[in-house]
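Read the structure below first, then the notes.
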Amino acid sequence: MTTRSLTDRLGGLAFGGDYNPEQWDEPVWKEDDALMRRARVNLATVGVFSWALLEPDEGRYDFAWLDAHMNRLHANGVAVDLATPTASPPPWFTLAHPDALPVTPEGTRLIHGSRDTYCLTAPAYRSAARRIASALAERYGEHPAVALWHVHNEYGTLCYCDHTAAAFRVWLRARHGSLDALNEAWGTAFWSQRYTSWEQVLPPRVTQWHKNPGQALDFRRFWSDEIIAAYREQRDAIRAHSDRPVTTNLMLPAYQNVDLWALARELDVVTSDQYPSAPGLDAAADAAFHADRTRSLAGGHPWLLLEQGTNTVYDRDRVLAKEPGDILRHTLGHIARGSEGALFFQWRQSRAGAETWHSAMVPHAGPDSRVFREVAQVGEAVARLGELAGSTVTASVAVLHEADAWWALGVDGLPSADLDYHAALGRAHRALWDAGVTVDFAHPEHDLSRFPLVIAPALFLLSDGAAENLRRYVAGGGTLLVQHASGYVDDRMHARLGGYPAEPLREALGIRVEEYRPLRRDERIALSDGTHGTVWSESLRAEGAETLAAYAEGMLTGSPALTRHRFGSGKAWYLSTRLDDAGYAALVARLLDEAGVAPEVPGLPAQVEAVVRRAPDGRRWRVLINHRPEPVPLPEPAHDLLTGSTLSELPPGGCAVLRTT
Ligand code: GAL
């Protein structure tokens with residue numbers, strides 16, 4: 001089952017949002033029907049937080065209210081993305097199964113009153129989740145409104161309780177085979193941590209000082225496997241009664257309690273949610289970062305944006321408003337990169353409850369509002385893009401992304417707190433986005449040979465397989481940039497000996513890092529080419545590589561900072577510090593040039609996003625988004641699907657979807 005069947009069922013791209021009719025009453029439902037028609041809504045996510053209504057007491061289901069809404073939506077031409085409500089168990093569940101509540105690393109058992117108050121490993125929770133998924137699927141599996149199944153919501157909640165400890169031990173036995181192997185893997189010879197029975201082994205709960213890094217990493221892996229197992233149980237329960245595609249909404253980009261590559265493989269349609277954390281151009285770049293990652297997780301297949309905010313940018317302790325036009329720009333930013341439409345959280349802004357102040361498609365002010373008018377315009381725009389369904393996007397640059405590498409930078413006791421995995425990934429993507437090229441993310445053990453350029457921004461942990469894969473990629477003609485602090489540990493968090501990065505990547509790079517020298521917070525170190533580094537520096541020896549820039553101050557003066565090595569038919573670059581923004585942009589431009597990668601649509605100025613979607617039959621569409629305050633002439637006039645006319649210039653802040661040949 002693919003997104004094609006979803007878009008076939010919808011008759012075009014998806015547009016809509018989370019719909020929580022249980023917060024409202026009859027007159028509002030009537031208005032919802034009319035407004036959904038006006039906004040061209042064709043897909044609504046229903047039931048995400050409805051467990052308490054669907055199962056008011058353990059084992060007693062009440063579907064009558066949902067039947068009515070399903071039938072009403074269907075009659076109104078709105079298909080349903082039907083959720084299992086398992087992210088938010090009701091209060092009765094807590095009282096019946098107190099052992100199924102989550103426990104923090106400090107040992108605090110959390111109580112109901114918010115959401116996500118469950119422990120994934122608790123048997124009572126898992127069976128209750130399977131039961132309600134099954135009951136919903138049995139009732140609605142063949143319902144004509146159902147176009148998609150939405151298991152749970154943003155899996156990720158962690159727990160450190162005794163159920164978790166027991167399940168963790170089972171997982172560790174399977175992974176390591178014996179207690180001796182576990183002791184070896186976790187390096188328990190240090191600090192008197194040697195385990196002599198499995199009962200002594202615990203999740204990484206709060207302890208006196210640094211936690212064991214091997215234990216911390218294994219716990220992440222274990223938890224990810226639990227999430228995937230829990231998802232599969234519900235998915236299989238649904239498949240027993242329904243032939244509609246099943247998904248769960250991934251939360252990107254900074255929320256990583258699951259190996260997204262592994263979970264994505266289990267989904268019939270990869271879907272995700274995006275909420276930027278900065279306004280303006282940064283929000284658009286964030287949408288692209290998110291969309292490129294989701295498309296990559298989907299293996300390049302079409303995917304679907306299941307949540308975004310109409311008017312919300314989270315900026316730490318406040319929500320900022322999106323600017324007029326942002327709803328369309330962000331929506332097209334995702335569709336450009338392969339999303340088969342765009343949905344929002346949520347349809348109607350809550351009048352009460354925890355997310356009263358979260359934006360929605362119909363705000364508190366009602367339909368006579370800027371936000372709803374923009375939403376309706378965007379719905380109209382998306383409705384005009386039906387012919388894009390099923391088309392895909394091709395990227396020529398890959399940024400490497402891996403769960404283990406991310407988790408490895410989250411353990412205690414690292415040499416610097418400024419090794420930020422998520423920031424490094426986003427920075428590499430942003431530099432490429434600014435340069436107008438389309439980016440894929442790839443796992444370091446994927447076949448990379450189709451990419452002329454690969455950037456590895458943060459591979460502190462590098463498996464033997466990945467080191468060999470990168471060596472092979474360069475030998476075969478690729479251009480690779482490896483950034484500082486890469487290849488320092490193996491997949492057990494054991495330090496690489498004899499110099500970093502790990503062999504045989506070191507051979508391909510033609511360098512040897514002998515000593516790491518993290519910089520002080522706010523310290524800048526001068527390089528010989530006029531750029532500066534922050535965060536990190538290294539004492540590096542070139543072993544075959546040419547030095548393109550060297551450190552120009554302090555004890556590292558003269559030591560290579562940026563190197564390039566011809567290896568086999570390719571080139572391997574190493575950057576041993578975090579370059580300043582201008583220096584990094586210049587480096588990326590040089591790499592693109594050397595690898596022969598041109599902007600996706602040449603001839604456009606900076607801050608004009610351009611991505612091409614291609615259909616298997618040769619049709620192509622250029623999606624253009626002008627983030628500039630002035631009009632931008634197009635390289636050549638073309639037919640724009642949004643306006644239905646021939647366009648020769650993009651207005652300030654304007655968008656176009658051009659059909660090309
Ligand atoms: C999402 C979540 C929604 C809603 C939204 C608010 O992550 O799935 O339920 O809480 O955030 O931004």
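Each ligand, and each atom within it, is numbered from 1 in the order the structure gives.
- For D368, the CG atom is loosely surrounded, since the number of other residues' heavy atoms within 6.0 Å does not exceed 12.
- With respect to the salt-bridge test (charged N to carboxylate O, under 4.0 angstrom), the residues R318 and D315 do not qualify.
- No close placement of the H97 and Y118 rings is indicated, their centers lying 6.0 Å or farther apart.
- By the side-chain contact (heavy atoms from CB on, under 4.5 Å) test, A383 is found to be paired with R40, residues two or more places apart in sequence or in another chain being considered.
- The distance from atom NE2 of H290 to atom CG of L305, rounded to the nearest 0.5 Å, is 5.5 Å.
- Contact check on E402 versus R220 returns no salt bridge, with no Lys/Arg side-chain nitrogen under 4.0 Å from an Asp/Glu carboxylate oxygen.
- The residues lining ligand 1, counting any heavy atom closer than 4.0 Å, are F49, R115, N153, E154, M251, D273, Y275, E307, Y314, F345, E355, H358.
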